[in-house]
Amino acid sequence: VESIKPPYNFTYDSVFELRAHKLRLMQQIMKASPHRTVIVNLNEVEAKPERFVQDLILQYGLNTRSSTRAPLKPSQKPHRTFCLSQEEWVLAQRKIDWELEGYFGFHRNHCHICKPLRSKNSTQP
């Protein structure tokens, strides 16, 4: 049995190369069809899916049959944002293609180290 190889080698040295490749593909789609693409924040869509649908209806002038569509509920398993350690943050600042990220509205200030959460009863500053 002969194995079939994909025409391209889709292996990446780091997650940063994978992300850059996916963003370049998205950029090509947006340039080819700018009026048919929307960039959304996954956390916002998961938290308020009905608002997202209503915004799309308004933005694109879509017609819907409100009597046949049940309202969408927030996700029961939303994706969480993970904070970076000091080492990860330094690496990210060097590896991320900020020019490409900027095309999608991201900048260096979106990548940060989270401060540890303290309890309300904590006496530490």
| message | Working to the nearest 0.5 angstrom, can you tell me the gap between E46 CD and K77 NZ? | response | 12.0 Å
| field | Q93 side, atom CD; W98 side, atom CH2 - distance, nearest 0.5 Å | value | 5.5 Å
| task | Answer yes or no for R19 and F106: cation-pi contact, defined as NZ/CZ to six-membered ring centre under 6.0 Å and angle to ring axis within 45°. | result | yes
| message | For the CG atom of D13 and the CG atom of L18, what is their distance to the nearest 0.5 Å? | response | 11.5 Å
| field | ILVMFWY network linking I29 to Y60, side-chain heavy atoms under 4.5 angstrom | value | no
| request: Grab the two heavy atoms, one from L56 and one from L62, that are nearest each other, plus how far apart they are. | output: O-CD1, 4.0 Å
| task | Decide, yes or no, whether a salt bridge links R51 with E44 under the criterion of side-chain N to carboxylate O below 4.0 Å. | result | no
| message | Taking CD in Q59 as the centre, count heavy atoms belonging to other residues, nucleotides or ligands within less than 6.0 Å. Is the count above 12? | response | yes
| request: May I ask whether L100 and L25 are part of the same hydrophobic cluster, defined by side-chain heavy atoms of I, L, V, M, F, W, Y residues being less than 4.5 angstrom apart, directly or through others? | output: no
| query | Measuring from M26:CE to T37:OG1, what's the distance to the nearest 0.5 Å? | reply | 9.0 Å
| said: Testing the basics here: between P74 and P49, what is the closest heavy-atom pair and its distance to 0.1 Å? | reply: CA-CD, 3.8 Å
| request: State, with a plain yes or no, whether a side-chain heavy atom of L72 is found less than 4.5 Å away from one of F52. | output: no
| query | Does any pair with a residue in residues 20-31 pass side-chain hydrogen bond (donor to acceptor under 3.5 Å, both in side chains), and if so which ones, sequence neighbours excluded? | reply | Y12-H21
| Gap separating the CD1 atom of I39 from the OH atom of Y103, nearest 0.5 angstrom | 7.5 Å
| Atom CD in E50, atom CG in D55: separation rounded to 0.5 Å? | 10.0 Å
| query | Taking a hydrophobic cluster as the set of Ile, Leu, Val, Met, Phe, Trp and Tyr residues connected by side-chain heavy atoms closer than 4.5 Å, whether directly or through intermediates, do V38 and L58 fall within one such cluster? | reply | no
| query | Is there a path from V15 to I96 through hydrophobic residues (I, L, V, M, F, W, Y) whose side chains come within less than 4.5 Å of each other? | reply | yes
